[in-house]
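See below for the structure under consideration.
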Amino acid sequence: MKYLNPISNLLMESIESYQWELISDTDTITQYNFYDLVDNKYLVQFKSLPGLKGGLSTSWELTYFVKSDDGSYSVSKLVNVNPYRTLKTVFGDILNDFIKIKSWVKVISLEGLSKEREREYISQRTKMYVRYLERNPISGYRLSHYNNNISLIKL
């Protein structure tokens, strides 16, 4: 029995990522996009936080959006797809690609925003993001979180 993997490990191994592409890479913004199985379009954006004296910043913020019916991108749109496949795409493949491109980045921050009617102090999204990142650590980074703020800090 001690050699059996927990069911969550087996589930995560069987989930594939969506096909994604790098669409923009500058000194201050790096963007990726992908489509889920029901053609929702996602935009994943890494944005440089202000650095000292105008130099390249070592702190970046990660956000991802879903395209709304009106053509704008929204962080609050809820979609009915597999959230684990989305997480594996964003926090697995895309995040690791970004780290390869921007090897000097020391801190990557993100926030698990609350859903519209959510009443808990720490959002469900934050809990899901932290759980995913704890079970799938980013090589060379340690996870730190306080309330809904999550940081990946380079070792």
(request) Please answer whether the main-chain N or O of Ser59 pairs with a side-chain N or O of Ser57 as donor and acceptor at a distance below 3.5 Å. (result) yes
(request) Kindly indicate, with the supporting measurements, whether the criterion side-chain contact (heavy atoms from CB on, under 4.5 Å) is fulfilled by Thr63 and Tyr73. (result) CA-CA 11 Å; Thr63 52; Tyr73 284 96; over 6 Å; no
(request) Give a yes or no on whether Trp20 and Tyr35 share a hydrophobic cluster (residues Ile, Leu, Val, Met, Phe, Trp, Tyr; joining criterion: side-chain heavy atoms under 4.5 Å apart). (result) no
(message) Return the NZ to OH distance between Lys106 and Tyr141, rounded to the nearest 0.5 Å.
(response) 10.0 Å
(message) Could you tell me if the side chain of Lys127 sits less than 4.5 Å from the side chain of His145, heavy atoms only?
(response) no
(message) Between Lys41 and Asp36 (salt bridge meaning N to carboxylate O under 4.0 Å), is one present in this structure?
(response) no
(request) Measure from the side-chain N and O atoms of Asp93 to the backbone N and O of Thr89, and report whether any donor-acceptor pair falls under 3.5 Å. (result) no
(request) Drop me the distance from Asn147's CG to Glu111's CD, to the nearest 0.5 angstrom. (result) 9.5 Å
(message) For Leu62 and Phe91: C-alpha separation, side-chain torsions, deciding distance, then whether side-chain contact (heavy atoms from CB on, under 4.5 Å) applies.
(response) CA-CA 10 Å; Leu62 162 62; Phe91 296 136; 3.4 Å; yes
(message) To the nearest 0.5 Å, what is the distance between CZ on Arg131 and CG on Asn136?
(response) 12.0 Å
(message) Grouping I, L, V, M, F, W and Y whenever their side-chain heavy atoms are under 4.5 Å apart, do Ile29 and Phe65 come out in a common cluster?
(response) no
(request) Check for a donor-acceptor pair, side chain of Thr26 on one end and backbone N or O of Thr28 on the other, with a separation under 3.5 Å. (result) yes
(message) Do Thr86 and Tyr42 make a side-chain contact, defined as non-hydrogen atoms from C-beta onward lying under 4.5 Å apart?
(response) yes
(request) Check the pair Tyr129 / Leu87 against side-chain contact (heavy atoms from CB on, under 4.5 Å), numbers first and verdict last. (result) CA-CA 8 Å; Tyr129 296 166; Leu87 288 177; 3.6 Å; yes
(message) Hydrophobic clustering (ILVMFWY, side-chain heavy atoms < 4.5 Å, transitive) - are Met128 and Leu143 grouped together?
(response) yes
(request) Report the C-alpha separation of Val44 and Phe34 in whole Å, then their side-chain angles, then the decisive distance to 0.1 Å, and conclude whether the side-chain contact (heavy atoms from CB on, under 4.5 Å) test is met. (result) CA-CA 8 Å; Val44 181; Phe34 66 93; 3.7 Å; yes
(message) Once rounded to the nearest 0.5 Å, what's the spacing between atom CD1 of Ile138 and atom CD1 of Ile108?
(response) 8.0 Å
(message) Restricting to non-hydrogen atoms, name the atom on Ser103 and the atom on Lys154 that form the minimum distance, rounded to 0.1 Å.
(response) O-NZ, 2.5 Å
(request) Return yes if some donor-acceptor pair links the side-chain N/O of Lys102 with the main-chain N/O of Thr30 below 3.5 Å, else return no. (result) no
(request) Answer whether the closest heavy-atom distance between the side chains of Leu43 and Val66 falls below 4.5 Å. (result) no
(request) Find out whether Tyr132 and Lys88 are in side-chain contact, i.e. whether some heavy atom of one side chain is under 4.5 Å from a heavy atom of the other. (result) yes
(message) Under a plain distance cut-off of 3.5 Å, with no hydrogens placed, do Tyr32 and Asp97 share a side-chain donor-acceptor pair?
(response) yes
(message) If I take atom CD1 from residue Ile101 and atom CG from residue Asn96, how far apart are they, to the nearest 0.5 angstrom?
(response) 11.5 Å
(message) Under a 3.5 Å cutoff, is there a donor and acceptor pairing between the side chains of Thr126 and Ser123?
(response) yes
(message) Counting C-beta onward and ignoring hydrogens, is there a side-chain heavy-atom pair between Leu152 and Ile99 closer than 4.5 Å?
(response) no
(request) Indicate the atoms forming the closest heavy-atom contact of Lys67 with Gly71, along with that distance. (result) CE-O, 3.4 Å
(request) Kindly work out whether a path of hydrophobic side-chain contacts (I/L/V/M/F/W/Y, heavy atoms less than 4.5 Å apart) joins Trp104 to Leu95. (result) yes
(request) Would you indicate whether the side-chain heavy atoms of Asn40 and Val81 approach each other to under 4.5 Å? (result) yes
(message) Tell me whether Asn82 contacts the main-chain N or O of Tyr84 through its side chain, where contact means a donor paired with an acceptor under 3.5 Å.
(response) yes
(request) Spell out, yes or no, whether Val105 and Val107 are grouped together once hydrophobic residues are joined by side-chain heavy atoms under 4.5 Å, including indirect joins. (result) no
(message) Return the CG to CZ distance between Leu155 and Arg142, rounded to the nearest 0.5 Å.
(response) 7.5 Å
(request) Measure across Glu16 and Arg85 and return the closest heavy-atom pair with its distance rounded to 0.1 Å. (result) O-CG, 2.7 Å
(request) Would you check if Leu49 and Ser109 make a side-chain contact, meaning some heavy-atom pair closer than 4.5 Å? (result) yes
(request) Please indicate whether Gln19 has more than 12 foreign heavy atoms, meaning atoms of other residues, nucleotides or ligands, lying under 6.0 Å from its CD. (result) no
(request) May I ask you to test the Tyr64-Gln45 pair for a side-chain heavy-atom distance under 4.5 Å? (result) no
